[in-house]
Amino acid sequence: MRKFLPLIGSHPGGRSAMTCRYRCGDACFQDVPNTSDNAYLGDVIADALSRRNVLRASAVVTVAAATGVTALGQAPQARAAGQSPAAMPGGVKDAARGLRFAPVKPNTKDAVTVPEGYGQNVVIRWGEPILRGAPAFDPAKQTAKAQAGQFGYNNDFLSLLPLRGEKHRQVLVANHEYTDEVLMFEKYDPENPTREQVEIAWAAHGLSVVVVQEEQKTGKLTAVPRHHLNRRVTATTPFKVTGPAAGSALLRTSADPAGTKVLGTLNNCAGGTTPWGTTLHGEENFNQYFANGGGVTDPTEAARLKRYGITGGASERKWERFDKRFDVTKEPNEPHRFGWVVELDPYDPHSTPRKRTALGRFKHEAAQPRLTASGRPVVYMGDDERFDYFYKFVSSKRMMKGDSRAAREHNLTLLDEGTLYVAKLTGDSPAEQIDGSGRLPADGQFDGSGEWIPLASGKKSFVEGMTAEEVYVFTRMAADKVGATKMDRPEDVEPSPRTGRVYVALTNNSDRGKPGKAGADEANPRNLNKHGQILELAEHWDDPASDRFAWRLFLVAGDPKDPSTYFAGFPKDRVSPISCPDNVTFDPHGNLWISTDGNQLGSHDGLFGVATAGSRRGEVRQFLTVPTGAETCGPIVQGRRVLVSVQHPGEVDGASVEKPASHWPDGPGRITRPAVVSVWRRDGRDIGV
């Protein structure tokens, strides 16, 4: 039987044991799935000076002069010239446009705390009815049928799309990552869940689509229940499998002998919004739902399951007792049908969502596209696991503009044909200067060059000893073979709409540098890395389809007083402390906004804005904090509002329905509920200006 740690004590990354247990199946306490012997970045540094000269000459990003951004690899001129901190005032009025608010101080309040002069409201909570016929939420009388018509649990990624023809309304799409049964059901027995509890959990997973109404004076949002576009997608909703692995023998089961239809989507974490009006959703810690991996005797299949973290006996939620597809000894291919990027059309509530196999299978944290100059989508993706990899997919098709039926049908095929790549990064500093302490090398930056290694394109494999179908289904193993760079949990990824630079949140990796584990390298420069970093990547000649790129660390997170931290060269006594970056997004002014997961600095998690250009580049300012036990997810930053998902409030060791650790959002005597929060300026003006 699979053994889980007791719900006590602190886990790596600052999370409670309860969070680790229910969100990812105690992944940090299982063996690291990546046991490949491919070279670590620090071992492949060669010809440093030559590489540096090439980088300087060829990896310049063309940026509009108005952004004030220098070429990647160069420090801002003021700091290079030794400009003193006194010349860079840190007041509200002097902050970058979009970040002119009084930063929220670190705190442990059981509330969403926002800057002075800002208001907030709960847009929608777990269990609120969104479909016609769905009842009002009653936690004591909850049923699977009711939950299937109500907003799901543990909202994560958010997307907000325009709604033509309905003034001051938009379409909100939310992921529902996982369920906290002990915080959902009174007297919950984890060893003996009931069928009704399991089916409620199935219905609480997945996605929600709900129309929201804007208040004209402030930007406040409220949900519009029972709108005809509102929709729930759950763990039992039919999905279509598309792309080069569709129909593969590796995806066939007794319920689906064709290998083209899957029931449900699980553990949807972050995602992306496409230029053609659909949303993308990453299936992340899907492995924890599958039982009895330890009972598989075939060595090849056992190795494949282990590489994806499927080991041991019974699962935490015991779903295998109620549906054999969650028992790998009975349905060995069912796990292969999860771990994909899902595409949803929010404007068609009757459409079948699709699992896009061309984008590879791993623990997808996110999938955010940008377009090449010719209109081909390029999707950047992280695999949220210690020592796993960073990927991109380049479509072979061009996006068709417009909203015609022909354009929409064509654009729904864009992610089925193209080339899948994995990243290999090389530092430009001598190996002896990367000692694991986080001390900057002699050139003053953690930076270097990189290459995109092709894995497969259509039916063609570029990985020796693997067919194309095997590459798509066992993408991690393909990346192992080609020597990709092991990273510190690459999570959300976001290309800047202004500059094209790509920002990757590397949340943390407390195993970095431990005996038998990969040591520090220039992209992951700290051993026992508990605070994480943000990597900034520039494609060669700003071409997203390029096979080369330049990179540098934009932020090395942690206590600004810690000498191992780095804030793009900005004076460290003028930034908000930040730890464990997770989700990232951009505001209309080009600033990067970062939500955190597992703050290691004694404060609750929060949302932070940071300037990416000009003299304030690297200045971090905290915008909000979330309640006790909660994580900040899914940020959206528009002109007049900020939206965040407040995920798993009250998820503190020892907490339960009977003994809540948080009273958010509805106060004492009410069950704790994950929810979406909107924040706006009370004077009705734009955020941070």
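All values reported here derive from a predicted model rather than from experimental measurement.
- At least one donor-acceptor pair closer than 3.5 Å links the side chain of S461 to the backbone N or O of M466.
- The side-chain hydrogen bond (donor to acceptor under 3.5 Å, both in side chains) test with R489 singles out one residue from T507, D511, N508, and that residue is N508.
- How far OH of Y389 is from CG of D383: 9.0 Å, rounded to the nearest 0.5 Å.
- Looking only at distances, a side-chain donor or acceptor of S395 sits under 3.5 Å from a matching main-chain atom of L414.
- Although no hydrogens or angles enter the test, the distance criterion places no donor-acceptor pair under 3.5 Å between the side chain of E491 and the main chain of D582.
- The cationic group of R370 does not satisfy the cation-pi geometry with Y380, failing either the under 6.0 Å distance to the six-membered ring centre or the 45° limit from the ring axis.
- Using modelled atom types, no side-chain atom of S457 and backbone atom of K460 make a donor-acceptor pair closer than 3.5 Å.
- For Y391 and F362, the gap between ring centers is short of 6.0 Å.
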Is there a salt bridge (charged side-chain N to carboxylate O under 4.0 Å, His left out) between R617 and E536 once you walk through the steps? CA-CA 13 Å; R617 175 177 158 88; E536 182 182 47; 2.9 Å; yes
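- Judged by distance alone, the side chains of N175 and N268 never bring a donor and an acceptor atom under 3.5 Å apart.
- Residues A611 and N591 come closest through the heavy atom pair CA-OD1, 3.5 Å.
- For the residue pair E522 and S429, a side-chain donor N or O sits within less than 3.5 Å of a side-chain acceptor on the partner.
- Side-chain N or O atoms of D605 include none that pairs as donor or acceptor with a backbone N or O of S595 at under 3.5 Å.
- Within the 3.5 Å criterion, the main-chain N or O of A95 finds no donor-acceptor partner in the side chain of E619.
- Looking at N583 and E365, their side chains do bring a donor and an acceptor atom within 3.5 Å of each other.
- A side chain to side chain contact (heavy atoms under 4.5 Å, CB included) with F554 is found for one member of I534, V504, L537, L535 and no other, namely I534.
- With hydrogens and angles ignored, the 3.5 Å screen pairs no side-chain donor or acceptor of T596 with any backbone N or O of N599.
- The pair D388-R307 counts as a salt bridge, with a side-chain nitrogen and a carboxylate oxygen less than 4.0 angstrom apart.
- In terms of heavy atoms, F101 sits closest to Q622 at CE1-O, 3.4 Å.
- Counted by atom type alone, S159 and T279 present zero donor-acceptor pairs between their side chains at under 3.5 Å.
- With Y472 contributing its side chain and G458 its backbone, the two residues share a donor-acceptor pair below 3.5 Å.
- Two residues are said to be in side-chain contact when any heavy atoms from C-beta on lie closer than 4.5 Å; R512 and D521 meet this criterion.
- When each of F586, F608, F623 is paired with W593, the ring-ring contact (aromatic ring centres under 6.0 Å, His included) condition holds for F623 and for no other.
- Around the NZ atom of K397, the shell of radius 6.0 Å holds more than 12 heavy atoms that belong to other residues, nucleotides or ligands.
- If you look at W452 and F393, their ring centroids are not closer than 6.0 Å.
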